[in-house]
Amino acid sequence: PSHWTIDAVGEGFDTTCAELFRDNPEVAELAWLEWAMLDLATAPDAAPIGAEDFSEATAPFGDEDWMALTVTMMPRAAARIVEHDLDALWRSLSEEGTAADLQPGQHGCIAWREGERPTFLMVEPDSARAFSAMQSGANYGEVIALLAGEEPDDEAIQDAAMRAGGFLGQWLQQGMLAGLNERSGD
């Protein structure tokens, strides 16, 4: 262990599994998910912001306010790009005689706590990237730029803004957001 508490004993085990099971990368991905869920069990309690409160807080927003919007995710929420559908794999492990389809393909996975229960959701990879960016302090405008790519045209920017809004709506609906951060200059 590299920490003072036994609670952190599993941190980094996914890296060890990646080295030990090079031919089975799903093992490391499941180890990451298991660790994320265990870590969430001891996360500080927080209530997610509701859609009504979010709407009320953002009602007076203009374009500049939206671009500067930052949010707080639920404590210890985690997002990762994975190569396997961890939901299908997780279910197959608990259902005897069920084999998961391990066809690789890029997926996103977000883990957070709903009340007392750690949970996770498979999402498109860009949603996990956007989640991680906002969790690290990126504002909504920066997430749009991330999704639009390098040297985007107006259509790509519009598409990225719609996708970012969809992701934000999904996170809000799922209870992944703890709140809005104060806007600078207010």
Side-chain angles (χ1 to χ4, degrees), residues 7-8 10-14 26 28-61 65-91 94 105-148 159-184:
D7 285 347
E11 186 175 338
F13 185 59
D14 59 320
E26 70 277 6
E29 292 176 354
L30 280 173
W32 169 83
L33 180 57
E34 180 73 16
W35 170 249
M37 305 253 309
L38 285 170
D39 191 42
L40 287 165
T42 58
D45 291 336
I49 185 171
E52 189 174 309
D53 291 335
F54 183 89
S55 293
E56 185 179 312
T58 59
F61 277 20
D65 297 315
W66 276 106
M67 291 302 159
L69 172 71
T70 60
V71 296
T72 301
M73 304 306 187
M74 293 299 284
R76 296 194 195 155
R80 179 175 170 163
I81 304 299
V82 295
E83 296 297 323
H84 298 89
D85 181 347
L86 298 184
D87 185 44
L89 189 53
W90 191 277
R91 279 185 277 120
S94 65
Q106 205 171 67
H107 306 274
C109 182
I110 300 174
W112 77 103
R113 196 171 86 186
E114 289 180 337
E116 299 287 320
R117 185 178 65 106
T119 192
F120 70 97
L121 180 68
M122 299 305 297
V123 296
E124 65 176 276
D126 280 343
S127 179
R129 286 183 190 99
F131 187 93
S132 291
M134 290 198 87
Q135 188 176 39
S136 296
N139 64 38
Y140 188 67
E142 292 166 332
V143 168
I144 292 171
L146 172 77
L147 297 173
D159 179 60
M162 296 297 291
R163 292 181 70 221
F167 297 154
L168 193 59
Q170 181 185 36
W171 305 335
L172 180 64
Q173 180 184 25
Q174 293 290 333
M176 297 177 190
L177 303 180
L180 304 178
N181 296 328
E182 292 295 319
R183 296 183 310 222
S184 60

Residues A77 and L40: closest non-hydrogen pair is N-CD2, 3.9 Å

What's the spacing between L180 CG and T72 OG1 if we round to 0.5 Å? 8.0 Å

Would you check if the side chain of E29 reaches a backbone N or O of E83 as a donor-acceptor pair within less than 3.5 Å? yes

Heavy-atom closest pair (S127 atom, I110 atom, distance to 0.1 Å) is OG-CD1, 4.1 Å

Report yes if the side chains of I81 and Q106 come closer than 4.5 Å at any heavy-atom pair, otherwise no. yes

Between atom CG of L177 and atom CD of Q135, what is the distance when rounded to the nearest 0.5 Å? 10.5 Å

In terms of relative ring orientation, are F131 and W171 parallel, tilted or perpendicular, with 30° and 60° separating the classes? perpendicular

Does the pair T119 and W112 meet the rule for a side chain to side chain contact (heavy atoms under 4.5 Å, CB included), with working shown? CA-CA 6 Å; T119 192; W112 77 103; 3.6 Å; yes

Check for a donor-acceptor pair, side chain of Y140 on one end and backbone N or O of V71 on the other, with a separation under 3.5 Å. no

Would you indicate whether the side-chain heavy atoms of T42 and R76 approach each other to under 4.5 Å? yes

When M67, M134, R129 are each screened for side-chain contact (heavy atoms from CB on, under 4.5 Å) with V143, the one that passes is M134

On a heavy-atom basis, which atom in M176 and which in L121 lie closest, and how many Å separate them? CE-CD2, 3.9 Å

Do any N or O atoms from the side chain of H84 and from the backbone of V82 form a donor-acceptor pair under 3.5 angstrom? no

Heavy-atom closest contact (A133 atom, L146 atom, distance): CB-CD2, 4.3 Å

Point-to-point distance, once rounded to the nearest 0.5 Å, from CG of L69 to OG1 of T58: 8.0 Å

What's the shortest heavy-atom distance between A128 and C109, and which atoms? CB-N, 4.2 Å

Would you say that W66 contacts L168 through its side chain, given a criterion of any heavy-atom pair below 4.5 Å between the two side chains? yes

Hey, mind stepping through E26 and L86 against side chain to side chain contact (heavy atoms under 4.5 Å, CB included) and telling me if it holds? CA-CA 8 Å; E26 70 277 6; L86 298 184; 5.6 Å; no

Could you report the tightest heavy-atom contact between F167 and A130, atom names first, then the distance? CD1-CB, 4.0 Å

Are the side chains of M74 and R113 in contact, using a 4.5 Å heavy-atom criterion? no

With rounding to the nearest 0.5 Å, note down the distance linking CD in E116 to CG in D45. 6.0 Å

